[in-house]
Trainee: 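I'd like to ask some things about the structure below.
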Amino acid sequence: MTVFKNQGAQAGEEWPHAHSQITATTFVPRRILYELRSAREWYRDRERCVFCDILSQEIRQAKRVVDNAGDYYAFCPYASRVPYEVWLMPKTHNHQFEAPLAGESRRHLASLLGRTLRRLLQVSESYHMVLHTSPNTLQTKGELSEYWRTIAGDYHWHIEILPIVQQRSKSYSIKEIYFNGTLPEDAAESLRKLDPNK
Ligand SMILES: [Zn+2]
Ligand SMILES: [Zn+2]
């Protein structure tokens, strides 16, 4: 199941009113599968969650962090695929978004998401926003079951936001290879300067 939001005509928005969408598939989308596989391999090698490692590095370096509220951080990932790409992630490890959040925690997430989107809308009218969370692990049989064994430890839910600020260069449009001329450090700095309440 995928929860996503396409905002703006460029992102393929289908209705003019505020909306998000859910699609259910019988397979795990390829990009998520790559992510699950990489997270599991990292965990196997180091017995640590790769996302916890990424976020603690981001907080330590503080160059790509845009904003934070309580346990949640918004940052431009090190290898941003597009200019102003932003990820939102809780610092406390959790593989499932739907695990119950305390009221205060929910408010922090909502305010950070609102602030981040208001910043992004000042650099781009359109974006894709996708929730990455643990797939349904009740499917214990079949080729995917192997993935779920350590998922509570190796995966960490997050939200990925991909603004559409430029046409992707055609010569670099090979699948899974991205050309991005904007450094995430510069993108984060610009976003930090924008009014999050505008
Ligand atoms: Zn983690
Ligand atoms: Zn992801």
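Position 1 is the first residue of the sequence, and the numbers go up from there.
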Trainee: Quick one: does Lys198's side chain get under 4.5 Å of Arg118's, heavy atoms only?
Mentor: no
Trainee: Do Leu194 and Leu183 sit in one hydrophobic cluster, given that two such residues count as connected whenever their side-chain heavy atoms are within less than 4.5 Å of each other, even indirectly?
Mentor: no
Trainee: Once you measure the plane-to-plane angle for His156 and Phe51, does it fall in the parallel (<30°), tilted (30-60°) or perpendicular (>60°) bin?
Mentor: tilted
Trainee: Checking side-chain hydrogen bond (donor to acceptor under 3.5 Å, both in side chains) for the pair Gln57/Tyr78: CA distance, chi angles, key distance, verdict?
Mentor: CA-CA 10 Å; Gln57 177 175 303; Tyr78 178 76; over 6 Å; no
Trainee: Check His95, Glu35, His93 against Tyr155 for a side-chain hydrogen bond (donor to acceptor under 3.5 Å, both in side chains) and give me the one that passes.
Mentor: Glu35
Trainee: Quick one: closest heavy-atom pair of Tyr127 and Pro163, and the distance?
Mentor: CB-CA, 3.7 Å
Trainee: Ignoring hydrogens and geometry, is there a side-chain-to-backbone donor-acceptor pair from Glu47 to Tyr43 under 3.5 Å?
Mentor: no
Trainee: Please assess Arg40 against Asp154 for the test salt bridge (Lys or Arg N to Asp or Glu O under 4.0 Å), listing each intermediate value before the final yes or no.
Mentor: CA-CA 6 Å; Arg40 191 185 56 174; Asp154 71 41; 5.9 Å; no
Trainee: Decide if the gap between the ring center of Phe4 and the ring center of His128 is smaller than 6.0 angstrom.
Mentor: no
Trainee: Under 3.5 Å, is there a donor-acceptor pair linking the side chains of Arg64 and Gln61?
Mentor: yes
Trainee: Flag the pair Tyr73 / Leu55 as yes when at least one side-chain heavy-atom distance between them is below 4.5 Å, and no otherwise.
Mentor: yes
Trainee: Would you compute the distance between atom OG of Ser111 and atom OH of Tyr72 and round it to the nearest 0.5 angstrom?
Mentor: 10.5 Å
Trainee: Write down the atom of Asp71, the atom of His108, and the distance for their closest heavy-atom approach.
Mentor: N-ND1, 4.4 Å
Trainee: Could you tell me whether Arg44 sits above the aromatic face of Trp42, with NZ or CZ closer than 6.0 angstrom to the six-membered ring centre and within 45 degrees of the axis?
Mentor: no
Trainee: Could you pull out the closest heavy-atom pair between Cys76 and Val66, with the gap in Å?
Mentor: SG-CG2, 3.9 Å
Trainee: Starting at CD of Glu98, measure out to CG of Leu131 and round the result to the nearest 0.5 Å.
Mentor: 8.0 Å
Trainee: Atom CD of Gln96 and atom OG1 of Thr133: how far apart are they, to the nearest 0.5 Å?
Mentor: 6.0 Å
Trainee: Using a 4.5 Å cut-off on heavy atoms from C-beta on, say whether the side chain of Gln122 contacts that of Lys193.
Mentor: no
Trainee: Set out, in order, the CA-CA distance, both residues' side-chain angles and the distance that settles salt bridge (Lys or Arg N to Asp or Glu O under 4.0 Å) for Lys91 and Glu58, then state yes or no.
Mentor: CA-CA 11 Å; Lys91 190 164 189 293; Glu58 292 302 343; over 6 Å; no
Trainee: Is the shortest heavy-atom distance from the side chain of Gln7 to the side chain of Leu121 under 4.5 Å?
Mentor: yes
Trainee: Any sub-3.5 Å donor-acceptor pair from Asp186's side-chain atoms to Ala188's backbone N or O?
Mentor: no
Trainee: Taking the side chain as every heavy atom from C-beta outward, state whether Ile161 and Thr116 have any atom pair closer than 4.5 Å.
Mentor: yes
Trainee: Given the rule that I, L, V, M, F, W and Y join up when any side-chain heavy atoms are under 4.5 Å apart, are Val130 and Leu109 in one cluster?
Mentor: no
Trainee: Once you round to the nearest 0.5 Å, how far does OH of Tyr84 lie from CG of Leu120?
Mentor: 10.0 Å
Trainee: Around atom CD of Glu104, are there more than 12 heavy atoms of other residues, nucleotides or ligands at under 6.0 Å?
Mentor: no
Trainee: Closest approach of Arg119 and Leu191, non-hydrogen atoms and distance?
Mentor: NE-O, 2.6 Å
Trainee: Minimum heavy-atom separation for Pro135 and Ile151, please, with both atom names.
Mentor: CD-CD1, 3.9 Å
Trainee: A side-chain contact here means heavy atoms from C-beta on lying under 4.5 Å apart; do Asp67 and Phe75 qualify?
Mentor: no
Trainee: Please confirm whether the backbone N or O of Val65 pairs with a side-chain atom of Arg192, one donor and one acceptor, at under 3.5 Å?
Mentor: yes
Trainee: Using atom types as modelled and distance alone, determine if a side-chain donor or acceptor of Ser80 lies under 3.5 Å from a backbone N or O of Val82.
Mentor: no
Trainee: Could you label the plane-to-plane angle of the His158 and His132 rings as parallel, tilted or perpendicular, counting under 30° as parallel and over 60° as perpendicular?
Mentor: perpendicular
Trainee: Once you round to the nearest 0.5 Å, how far does CD of Glu41 lie from CG of Leu36?
Mentor: 11.5 Å
Trainee: Looking at every non-hydrogen atom in both residues, tell me the closest pair between Pro184 and Pro77 and how far apart they are.
Mentor: CB-O, 3.4 Å
Trainee: Under 3.5 Å, is there a donor-acceptor pair between the side chain of Thr182 and the main chain of Ala187?
Mentor: no
Trainee: Rounded to the nearest 0.5 Å, what separation is found between the CG atom of Asn6 and the CE atom of Met129?
Mentor: 10.0 Å
